[in-house]
Trainee: 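A single structure is presented below for examination.
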Amino acid sequence: MAKPLSWNEIRRRAVAFSKQWAGESREHAEAKTFWDEFFKVFGLTRRHLASFEEPVKKISGSYGFIDLFWKGMLLAEHKSLGKDLGQAHAQAMEYIQSLQREDRGDEVPRYVIVSDFARIALHDLEDDSSIEIPLTELHEHVHHFGFIPGYKRHKLEPEDPINIKAVQIMGDLHDALEAGGYSGHELERLLVRVLFCLFAEDTGIFERNAFQLYLENHTQPDGSDLGPLLAQFFQVLNKPETQRQANLREELAELPYVNGDLFAEALSFAAFDRDMRNRLVACTRFDWSRISPAVFGALFQAVMEPRERRQIGAHYTSERDILKVIGPLFLDDLKTELDKAKNDKNKLRKLHARLADMRLLDPACGCGNFLVISYREMRVLELEILRRLLKRQQITDIETILKLDVGQMYGIEIEEWPVRIAEVAMWLMDHQMNQRLSEEFGEYFVRLPLRTSPHIHHGNALRVDWNEILPASECTHVLGNPPFVGKKEQTRSQKADLEKVWGDTKGTGILDYVTCWYRQAAEFIQGTTISVAFVSTNSISQGEQVAALWEPLNQRFRMEIEFAHRTFAWQSEARGKAHVHCVIIGFGQHLDMRRRLFEYEHLGSDPHETVCSNINAYLTDAPSVFVTKRRKPINGAPPIRYGSMMIDKDRKARDDQGLILSPQYRKEMLEECPELAPFIRRLYGGDEFLNDVERWCLWLVDAPPQLLRSCKSLRVRLKGIKSFRSSSSRKRTQELAATPHLFGEIRQPDGPYLLIPKVSSFNRRYIPSGFLTHDNIASGSALIVPDAQIFHFGVISSAMHHAWMTYVAGRMKSDYQYSNAIVYNNYPWPQKLSDKKRQTVEDAAQAVLDVRETHPDATLADLYDPLSMPTNLTKAHAKLDRAVDRCYRSQPFPNERNRVEYLFKLYQKLTAPLLPVKKRK
């Protein structure tokens with residue numbers, strides 16, 4: 001095999017390839033030439049490896065054709081210039097499913113590439129990673145395509161390596177100082193000052209390398225004098241040039257006066273040693289001009305303890321997700337106004353004045369990411385306005401034409417160091433934007449000494465009056481990313497905060513901590529035109545939290561959802577970022593605003609926007625209804641309940657304890673006591689049902705007393721259960737010690753029943769349910785419908801019911817949590833059905849069960865995995881979907897969203913109170 005090309009040669013060829021193809025109006029017919037030339041970039045001939053228009057049989061039975069196919073390695077789909085790459089990726093994934101259905105699993109590729117001539121995206125299905133770049137930047141990212149020429153493919157972290165390096169450098173310095181005994185408030189203040197100086201010497205605030213040369217030339221290598229000399233450096237920055245001593249070193253005398261209280265507080269000297277000095281000097285040798293102030297939050301998070309980070313919910317939102325917030329909140333409207341203004345000076349001045357009047361409040365600002373990015377985008381708009389107004393004429397005093405400054409940004413943060421970081425980040429972003437302004441108008445401009453500061457308040461946003469920080473009459477927008485802390489993870493003080501904020505509202509004990517900011521904001525903006533937008537965990541738009549949060553916001557405070565991003569995968573700039581599924585919700589009291597809803601084909605895709613007549617609390621275009629807990633089905637379905645409940649000790653016990661048995665312990669018990677056989681039953685919870693996990697239980701409901709006494713190993717188990725229950729602090733558990741041989745709550749039906757798993761993967765298109773006989777015991781991790789018929793199974797197994805569940809069910813991480821009180825009992829079942837339509841559903845439902853039987857070795861998890869779902873089962877469910885859809889209306893539902901919108905309207909009709917009858921006179 002020929003030796004692969006060097007990376008330098010590949011990059012050179014990539015530049016030439018991009019120049020040839022990028023930016024030109026291209027048609028899909030030219031794709032073959034494109035891919036031939038693409039392979040040549042890596043020194044390969046395409047026809048030796050991959051084919052064009054590979055046929056593959058789709059679910060419908062017709063054939064599709066893969067644009068480019070390299071068996072077992074690569075599948076490529078191409079679109080015409082400007083077409084949606086997300087659709088190309090979805091089409092590629094459908095082809096991969098088709099390959100698996102055709103038993104061509106060995107041909108399934110690891111990589112998918114999609115392109116439209118202007119952009120190219122690579123998806124690694126093994127590492128579950130993706131990258132999308134402009135074609136003009138291909139030469140900068142060729143290493144991602146190293147599998148093509150044969151280089152070993154290494155998994156790359158998505159963070160910018162420059163940012164990672166910066167995080168590590170600052171983390172090392174923090175750890176060294178803390179290990180030396182310099183900690184707490186003073187350490188935090190010192191590091192913030194160091195950060196400012198590092199940026200200042202690399203971005204033109206100081207002379208180039210002024211801080212580095214001062215440390216290297218004037219401090220001892222062993223670090224013994226570094227503490228006091230560092231303090232002197234900071235003191236000089238806090239003094240006006242006219243008040244400084246005459247005999248200062250030249251390097252100190254030339255430093256600018258900074259002001260802004262950053263260097264005002266007197267700190268004790270840090271006692272440095274050689275290693276600590278080396279770490280500080282290493283920081284100065286890094287090029288900090290390559291770091292955006294927007295990633296200060298990541299630098300901060302890198303030096304926090306993991307447990308502390310969890311408790312305060314310090315999630316630092318990525319720039320991409322911040323733009324999702326500020327775009328529909330205010331930025332899109334400002335850009336539209338700028339486009340309409342064109343070169344009209346009166347309109348431009350009016351827009352400039354509007355920008356200057358804006359006041360933003362982030363009541364959980366952390367390190368200020370939202371404020372920093374918002375300020376940057378506002379300054380970019382101001383620069384464009386000035387460019388149009390002044391038409392690049394020479395300006396002698398730049399400061400006179402500026403209207404925006406950091407004093408328009410307000411924040412509240414509970415921790416002190418993030419407050420300081422936010423202030424510095426705002427100043428440095430202001431400096432970077434001033435540099436851009438200088439380049440535009442040809443005059444150097446730096447805003448020193450600092451006369452205006454961002455208003456970042458150190459305190460608990462749930463304990464202070466926001467009007468004292470920024471009066472609501474002056475505020476224009478509230479935004480941010482409040483802490484993600486679920487009910488179970490809340491600290492005592494956080495529970496107290498929640499009680500203070502929501503104490504006058506019933507049923508709010510189930511709410512996440514983040515909802516406190518929604519309530520505070522709703523009160524703050526009463527009677528104003530303020531718009532609010534928060535990033536939150538998606539739990540507040542699902543399950544029982546929806547009514548508890550949004551009913552009072554809507555009915556008491558008249559809050560309307562103005563825009564929303566449905567569930568997407570949150571991204572953080574921070575190291576070790578958590579995997580969180582989020583929503584963005586914008587709300588206010590603007591009844592006449594257009595409603596914008598952003599949806600995602602999958603968690604990591606780009607959003608698709610739709611304009612809605614209304615966005616309800618479940619984030620869909622439907623009436624504003626609230627699905628609350630209901631004890632009985634809403635319109636005639638058979639009752640549902642949980643399976644038999646065990647006590648915690650029984651569920652979590654080892655195999656040699658409790659009422660649960662592994663196959664091995666079942667075998668051993670039967671060898672000792674064969675007469676136990678009728679009383680050891682197969683146990684089914686959600687996991688056992690979906691994955692065919694073999695688990696057994698002692699079901700001793702009707703066991704004779706002599707049997708309980710005669711089996712030694714059984715007596716040992718029952719004695720242990722009795723002891724545990726007796727020692728419990730719960731009165732109910734203590735009472736159950738009287739019957740150690742029985743489950744805590746027995747709900748097993750006497751006849752066959754329908755079992756529904758409590759938790760189901762979000763990847764599945766259907767809820768895998770099924771019938772079991774009464775001798776199979778259902779546990780509390782499953783729900784059962786004892787009187788269910790094949791018709792009820794059909795509806796529950798349909799896309800219609802699945803759509804309802806996806807919108808109203810709660811979640812466990814990303815997986816759905818099916819519930820009786822929220823999902824099942826509130827589901828609007830079809831009304832006034834004809835016998836024919838009912839029979840059609842029953843026949844289609846039976847066909848689904850019959851098809852399952854043709855795959856005896858597959859678990860339900862196998863059958864309902866979207867990548868492995870058999871073709872005959874897919875077709876059977878499609879037929880069932882059509883039958884269930886026709887029970888609601890004759891017109892087919894094109895997608896899940898349409899189904900949900902219809903169901904919410906039907907739910908509204910079913911739950912609307914009857915109109916009062918007027919009394920006759």
Side-chain angles (χ1 to χ4, degrees), residues 166-167 169-178 180 182-207 209-216 218-219 223 225-240 244 248 251-252 254-272 276-277 279-286 288-289 291 293 295-297 299-300 302-303 367-368 406 413 415-431 446-450 453-454 456 458:
V167 166
I169 288 173
M170 286 306 301
D172 289 346
L173 178 61
H174 170 275
D175 294 344
L177 287 165
E178 190 173 51
Y182 199 74
S183 60
H185 167 81
E186 291 195 324
L187 172 59
E188 295 167 357
R189 274 286 190 176
L190 176 67
L191 286 178
V192 172
R193 293 177 180 182
V194 168
L195 264 177
F196 179 88
C197 293
L198 293 171
F199 273 81
E201 70 171 354
D202 287 341
T203 58
I205 298 177
F206 298 171
E207 289 293 326
N209 298 333
F211 188 47
Q212 177 185 345
L213 294 175
Y214 178 78
L215 297 177
E216 291 181 343
H218 299 293
T219 64
D225 61 349
L226 180 54
L229 289 177
L230 199 57
Q232 184 185 24
F233 191 94
F234 296 153
Q235 288 170 3
V236 171
L237 292 171
N238 195 53
K239 273 189 180 287
R244 294 175 182 174
L248 282 175
E251 297 94 329
L252 294 176
E254 292 177 348
L255 291 173
Y257 171 41
V258 175
N259 196 19
D261 291 332
L262 177 59
F263 298 99
E265 182 182 352
L267 303 178
S268 62
F269 297 158
F272 282 81
M276 295 161 67
R277 178 184 180 274
R279 290 177 188 244
L280 178 55
V281 172
C283 289
T284 67
R285 291 171 179 165
F286 183 80
W288 293 91
S289 67
I291 305 296
V295 303
F296 267 30
L299 302 180
F300 168 58
V303 294
C367 294
V406 294
E413 168 55 35
E415 297 291 321
E416 181 184 7
W417 193 22
V419 171
R420 306 284 84 86
I421 288 286
E423 291 170 346
V424 174
M426 287 299 307
W427 283 324
L428 291 173
M429 181 56 76
D430 184 61
H431 175 66
V446 59
R447 221 178 322 220
L448 283 180
L450 299 171
S453 297
I456 312 299
H458 176 207

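Sequential numbering from 1 along the given sequence is applied to the chain's residues.
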Trainee: Under the 3.5 angstrom rule, does the side chain of Arg244 hit a backbone N or O of Val236 as a donor-acceptor pair?
Mentor: yes

Trainee: Given side chain to side chain contact (heavy atoms under 4.5 Å, CB included), test Leu262 with Leu237 step by step and report yes or no.
Mentor: CA-CA 9 Å; Leu262 177 59; Leu237 292 171; over 6 Å; no

Trainee: With no hydrogens and no angle check, is any side-chain donor or acceptor of Arg277 less than 3.5 Å from a backbone partner on Leu215?
Mentor: yes

Trainee: Run Glu186 and Ser268 through side chain to side chain contact (heavy atoms under 4.5 Å, CB included) and show every step you take.
Mentor: CA-CA 8 Å; Glu186 291 195 324; Ser268 62; 2.4 Å; yes

Trainee: Side-chain donor-acceptor pair under 3.5 Å between Glu413 and His458, yes or no?
Mentor: no

Trainee: With a 4.5 Å limit on heavy-atom distance, are the side chains of Gln232 and His218 in contact?
Mentor: no

Trainee: Passes side chain to side chain contact (heavy atoms under 4.5 Å, CB included), Val258 versus Asn238? Steps please.
Mentor: CA-CA 6 Å; Val258 175; Asn238 195 53; over 6 Å; no

Trainee: Are His185 and Glu265 close enough that a side-chain donor and a side-chain acceptor fall under 3.5 Å?
Mentor: yes

Trainee: Does any non-hydrogen side-chain atom of Tyr182 lie less than 4.5 Å from one of Phe272?
Mentor: no

Trainee: Are any non-hydrogen side-chain atoms of Leu190 and Leu230 less than 4.5 angstrom apart?
Mentor: yes

Trainee: Nearest 0.5 Å please: distance from the CZ atom of Arg189 over to the CZ atom of Arg420.
Mentor: 4.5 Å

Trainee: Would you compute the distance between atom SG of Cys367 and atom CD1 of Ile456 and round it to the nearest 0.5 angstrom?
Mentor: 10.5 Å

Trainee: Would you say the side chain of Leu267 lies within less than 4.5 Å of the side chain of Arg193, judging by non-hydrogen atoms?
Mentor: yes

Trainee: Between Glu201 (side chain only) and Gln212 (backbone N and O only), is there a donor and an acceptor less than 3.5 Å apart?
Mentor: yes

Trainee: Return the orientation label for the Tyr214 and Phe233 ring planes: parallel under 30°, perpendicular over 60°, tilted otherwise.
Mentor: tilted

Trainee: Would you check, one step at a time, whether the test side chain to side chain contact (heavy atoms under 4.5 Å, CB included) holds for Gln235 with Lys239?
Mentor: CA-CA 7 Å; Gln235 288 170 3; Lys239 273 189 180 287; 6.0 Å; no

